[in-house]
Structures are given as C-alpha cells and as structure tokens.
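Step one of this worksheet: look at the structure below.
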Amino acid sequence: MVTDGVTGERFCGGCGFVITERVDNSGPDLRAFSKEEYDDKARTGMPTSLAVHDMGLATIIGHENSDSTGKPLSASMKSTIKRLRTWDGRSQVHSSIDKNFRQAFSELDRLKDKLAISDSLIEKTAYIYRKALEKGLAKGRSIPGLIAAALYLACRDTGTPRTLSEVARQINVKRKDVSRCYRLLLQELDLTMPVLDPVRCMSRIASEAGLSEKVKRQALTILEDANNMEITAGKDPMGLAAAALYLSCTMNNEDTTQKVIALAAGVTEVTIRNRYKGLKESLNIQVPNKIKLNLGTNF
DNA sequence: TAAGATAAGAGGGACAT
DNA sequence: ATGTCAGTCTTATCTTA
C-alpha cells in the first residue's frame with residue numbers, strides 16, 4: 001500500500017489499484033463562519049485537525065521544506081512558506097493582503113476536505129495564490145474564484161486528476177469564472193501546464209466505477225495506441241479515459257453501463273459515446289456482442 | 001432500460017480585419 | 001480590439017433494441 005504524497009490517493013504499490021481517492025462529497029454545501037457553526041454543519045468523517053479550527057494555517061502548511069515532489073524548496077519559496085506559517089500566529093490582520101489571504105485560506109480549508117487534497121498541494125496553492133496577490137490580480141475578482149483557480153493550477157501542475165468542474169462545484173463558483181481566473185493565472189504568472197494525463201484519470205474512474213484490473217490494463221493500451229495515432233489532441237482527457245475504459249469493458253464483456261462510467265468520470269454519456277466511436281474506428285477494434293448474464297441482481 | 005442519434009447552445013482558441 | 005469560424009462538450013429529447 002502506497003500513499004501518493006502528491007494526489008493524496010492510496011493505491012496498491014504493485015498494480016496501482018486505487019483504494020481510496022476521495023471522501024464523501026455528497027453532503028450539504030454550506031458556509032460556516034465560526035468554529036461552532038462549522039462543527040454543526042460538518043459532515044461525518046471530518047478530520048479532527050480541521051475541527052480544531054483555531055490552529056489555523058499551521059495545521060495546513062506542513063513543516064517540511066520540500067515541495068510536492070520531495071525536492072527541497074528554493075530559498076524564496078522557503079521564506080514564503082515560513083511567512084505563511086508566521087502569519088497564522090498573529091492575532092491581528094496587518095494589511096489588506098493578509099486579510100485577503102486569511103479569507104482565501106478559510107475557503108481552501110473547506111475545499112481541502114471536499115476534494116481530498118494533500119497538504120503539499122495546499123502549500124502549492126498557497127504559493128500560487130500569494131504570487132497572484134503580489135501581482136494585484138485579486139482586484140475586482142472574487143476570492144473563492146481565484147483560490148479555486150490557484151488550486152486547480154496546483155492540481156494540473158502536479159498531475160492530480162481533479163477537474164475544473166469539480167473544483168468549481170465544491171467552492172460554489174461558476175465553472176466559467178474559475179476558468180477565467182485560471183487562464184489569467186497562467187498568463188500573468190507566465191506558466192504553462194502539461195495536459196492532464198489520461199492515465200492518471202483512469203485510475204480514478206476505474207475505482208469509482210468499480211471496474212476490474214484486467215479492464216483497466218486493456219484500457220491503458222487502448223489509450224497508448226490512441227496517443228500514438230495522434231487522435232487524442234484537443235480532447236478532454238477525462239472523456240478519453242472514460243471511453244477507453246468503456247471500450248475495454250465491452251471487449252471483455254464486463255458488465256457496466258455508460259452511465260456508471262460517465263458519472264465516475266464527470267463527463268456526459270454523449271461524450272463517452274463520441275470518444276468511444278472515434279477510438280473504435282481509428283483503432284479498428286471489433287467489439288463482441290454483449291453476452292447477457294443472468295445474475296439476478298446488479299451487484 | 002441501456003444505448004444511439006440528433007439538435008441547440010455555451011465557451012474558448014485561431015485567425016483576420 | 002473585435003468579429004467570424006471550426007471544433008468540443010453539454011443538455012435535452014427522441015428512437016431503437
């Protein structure tokens with residue numbers, strides 16, 4: 001059993017099967033402005049460290065001076081993180097930037113739990129957000145939108161499979177607003193992001209939809225072939241991964257539906273169908289007729 | 001009931017004006 | 001800067017097996 005320090009996912013070191021990758025997120029989406037209120041509205045399974053709300057930033061920002069990949073931080077990054085920790089000890093808000101930062105962090109606090117994000121990702125998000133504030137990008141923009149964008153940026157940067165829609169939904173900001181902030185950050189901070197790796201997406205979808213290892217492996221080879229044929233450019237990675245999984249399911253006669261996979265992947269059935277069709281045609285894959293198994297029950 | 005088909009609409013990138 | 005265009009994805013509805 002290995003825990004990915006970057007994505008916070010726990011998976012088998014041998015086969016890569018993801019054991020748990022996210023906490024229940026179907027609870028109410030409520031704001032809380034005090035510890036008591038937070039405790040009242042919190043769902044079960046809340047980590048105790050978060051319940052001790054007064055511990056604040058120090059519980060969020062770890063003390064190891066290394067980034068999410070384990071490499072030591074640069075000197076400037078180190079001092080930035082140090083400052084973040086220090087601020088938390090202060091009872092007074094010194095400037096508008098500090099104030100903004102505190103507010104942003106209370107948002108981030110909630111997101112962390114809902115999206116099952118690791119501490120190192122939180123640090124990265126904080127770093128990005130701080131940069132954004134220094135550049136004055138917060139002016140005229142909502143804090144939740146910007147912090148969500150920073151978080152999504154950190155996810156993309158580390159290859160953590162969280163979709164823009166997910167992040168936006170959990171923080172209760174319109175997807176397009178987060179999207180706008182995200183592009184702004186990319187531009188202003190002079191960053192380029194690698195395309196989200198469909199392979200990473202697959203682990204998530206496969207475990208969420210309860211698919212077998214065999215199916216997952218075959219879906220992986222399908223994705224590789226698709227990549228080699230350059231038919232994946234410009235397509236939604238999640239949709240591609242989902243379609244590859246579905247195709248693999250039909251090839252292996254694994255009992256599943258588009259609906260299940262679509263739900264797990266966070267894309268629509270139509271998208272899966274389109275990618276599915278494209279994959280099947282481009283790779284010239286013959287799909288056997290579905291053998292109807294009389295199992296009596298769905299599970 | 002699941003899968004496929006089709007249409008309308010949103011949002012963003014590329015490109016020209 | 002602004003408008004147009006092609007391509008993608010989503011939502012909704014209808015048909016098919």
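All chains are named by letter (A, B, ...) in the order of the sequence lines, taking the proteins before the strands, and each is independently numbered beginning at 1. All figures in this text were calculated on a predicted structure; none of them were measured in a lab. Side chains are part of it too, since the values below use all heavy atoms of this structure and drop only hydrogens, waters and symmetry mates.
Among residue pairs with one or both ends in residues 196-233 of chain A, none qualify as ring-ring contact (aromatic ring centres under 6.0 Å, His included); sequence neighbours excluded. Applying the side chain to side chain donor-acceptor pair (under 3.5 Å) definition to pairs two or more places apart or across chains, those involving residues 139-152 of chain A are A:Y152-A:R156.
One interatomic measurement links the two molecules: CG of A:D236 to P of C:dC9, which rounds to 6 Å at whole-angstrom precision. Atom CD in A:Q258 sits roughly 14 Å away from atom P in C:dT10 (whole-Å rounding). The CD1-P distance, from A:I261 to B:dA2, rounds to 13 Å in whole Å. The nearest whole Å value for the distance from the NZ atom in A:K280 to the P atom in B:dA3 is 12 Å. The separation between A:K174 atom NZ and C:dT10 atom P is 19 Å, rounded to whole Å. Across the protein-nucleic acid pair, A:L164 atom CG and C:dT8 atom P stand 19 Å apart, rounded to whole Å. Rounding to whole angstrom units, CG of residue A:L263 and C1' of C:dT10 are separated by 15 Å. The separation between A:K277 atom NZ and C:dT8 atom P is 13 Å, rounded to whole Å.
Among the protein residues, A:R183 comes within range of the sugar-phosphate backbone only, with heavy atoms under 4.0 Å from sugar or phosphate atoms but none that close to a base.
Side-chain nitrogen and oxygen atoms of A:Y246 include at least one within less than 4.0 Å of the OP1 or OP2 phosphate oxygen of B:dA3. Side-chain N/O atoms of A:R180 include one lying less than 4.0 angstrom from OP1 or OP2 on B:dG12. Under 4.0 angstrom from either OP1 or OP2 of B:dG12 there lies at least one side-chain N or O belonging to A:S179. A close approach under 4.0 Å does not occur between any side-chain nitrogen or oxygen of A:K176 and OP1 or OP2 of B:dG12.
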Quick one, give me the B/S/- string for nucleotides 11-17 of chain C, reading 5' to 3', where B means a protein heavy atom under 4.0 Å from the base and S means that only happens at the primed atoms, P, OP1 or OP2. BB-----
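When each of B:dG4, B:dA2, B:dA5 is scored by its nearest atom to the side-chain atoms of A:T257, the top-ranked nucleotide is B:dA2. Closest to the A:Y276 side chain, of the nucleotides C:dC9, B:dG12, B:dG4, is B:dG4.
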Is there a salt bridge (charged side-chain N to carboxylate O under 4.0 Å, His left out) between A:K277 and A:E281 once you walk through the steps? CA-CA 6 Å; A:K277 208 172 152 191; A:E281 281 167 8; 5.0 Å; no
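In this structure A:S248 satisfies the side chain to side chain donor-acceptor pair (under 3.5 Å) test together with A:N252, sequence neighbours excluded. Residues passing the side chain to side chain donor-acceptor pair (under 3.5 Å) test with A:R180: none are found, sequence neighbours excluded. For A:D236, there are no side chain to side chain donor-acceptor pair (under 3.5 Å) partners two or more places apart in sequence or in a different chain.
Judged purely by distance below 3.5 Å, without hydrogens or angles, the side chains of A:E166 and A:T163 pair a donor atom with an acceptor atom.
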